[in-house]
There are 2 protein chains.
Amino acid sequence: MTETVTTPETGFDSQALRNRVLSEMPDEERLYDLAELFKVFGDTTRIRILYVLFEAEMCVCDIAEILNMTQSAISHQLRVLKQARLVRNRRDGKQIYYSLADDHVRTIIGQGMDHIEE
Amino acid sequence: MTETVTTPETGFDSQALRNRVLSEMPDEERLYDLAELFKVFGDTTRIRILYVLFEAEMCVCDIAEILNMTQSAISHQLRVLKQARLVRNRRDGKQIYYSLADDHVRTIIGQGMDHIEE
DNA sequence: CAATTATTTGAACATCCGTTCATGTGATAT
DNA sequence: ATATCACATGAACGGATGTTCAAATAATTG
């Protein structure tokens, strides 16, 4: 029933290794949340929006105009970014201004850039 | 035709801001590659595989058994991870051993974890 | 050689995702 | 209140994605 894990590293059965792997594995909920977070970064439109917000707080229509996309499309994606707590917003009259939520965004995108450029 | 970008920050039209945003924006190819990289992290199976490889180099059948999934499913995902240059492999007889390609993987996943845990 | 084990591959299937379009909501101004 | 502007939302469409299944490749063993 329980098969052995055979690594050349040890040379003999290592149920211990398998246990260590499983004990270091985050629980189901964290794995799900982590994957959901990275999914948010996995779209060029959302990354573009984040790059815009790197420079300045901005309202939806300005982002849409800069990226040459419809307000609706931008609004849909801002909702995704907000749910992932990557951006915040505040209302000022008719307009709603979006900005980066924290610096994890820059760090994560920066690390990603490092990887693809090496 | 060219609308003005209206930020409260400046108080007046800022074509300069728009130009700065667009000049800081990575080119199309990098944006695409970056999004593709994060897509790879955006799946619990692939993240699970990476966590397994955090502990030790391992062959396909062992990963499959530890994660309780079919070899085929794992193999398909390993191919995605390899294309993204997140894992390497080497053959040893019938088995093919996979390992992490570099430390960007740990850093990126670590930053993601930091974000969801705050 | 044939048989077995480890892995890869391609097609098929269901599901998920991003944009568009139409509509709804909220704030301002006349 | 009516009109307009800024934004959000829901349905719908096409395209991408992960797993399964069956079949192919590759290396070892008898």
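If you're wondering where the values come from, they're calculated on a predicted model, not measured in any experiment.
Residues satisfying the side-chain contact (heavy atoms from CB on, under 4.5 Å) test with R30(B), not counting sequence neighbours, are M113(A), E117(A), P26(B), D27(B). With sequence neighbours left out, the side-chain hydrogen bond (donor to acceptor under 3.5 Å, both in side chains) criterion links E36(A) to K39(A). For T44(B), the side-chain contact (heavy atoms from CB on, under 4.5 Å) test picks out L31(A), A35(A), R48(B), with sequence neighbours left out. Partners of A101(B) by side-chain contact (heavy atoms from CB on, under 4.5 Å), not counting sequence neighbours, listed by chain and number: R88(B). With sequence neighbours excluded, the residues forming a side-chain contact (heavy atoms from CB on, under 4.5 Å) with L100(A) are L50(A), L53(A), F54(A), V105(A), R106(A), listed by chain and number.
Atom NE2 of residue H76(A) and atom OG1 of residue T70(A) lie 8.0 Å apart, to the nearest 0.5 angstrom.
dC5(D) atom C1' lies 9 Å from atom CD of Q71(A), rounded to whole Å. Here dC5(D) presents its P atom at 17 Å from CD1 of I96(A), a figure rounded to the nearest Å. The distance between atom CG of N68(B) and atom P of dT20(D), rounded to the nearest whole Å, is 10 Å. Rounded to whole Å, the distance from CD1 on I47(B) to P on dG18(D) is 12 Å. Atom CG in L67(B) sits about 11 Å away from atom P in dT19(D), given to the nearest Å. Atom CG of L78(B) is separated from atom P of dT9(C) by 11 Å (rounded to the nearest Å). At whole-Å resolution of the value, CZ in R79(B) and P in dT25(D) are 16 Å apart. Taking atom CG of D62(B) as the reference point, atom P of dT5(C) lies 15 Å away to the nearest angstrom.
In this structure, Y98(B) reaches the dT8(C) phosphate: one of its side-chain N or O atoms is under 4.0 Å from OP1 or OP2.
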Tell me, for nucleotides 18-30 of chain C in 5' to 3' order, what letter each nucleotide earns: B for a base near a protein heavy atom under 4.0 Å, S for only sugar-phosphate near one, - for neither? SBBBB----BS--
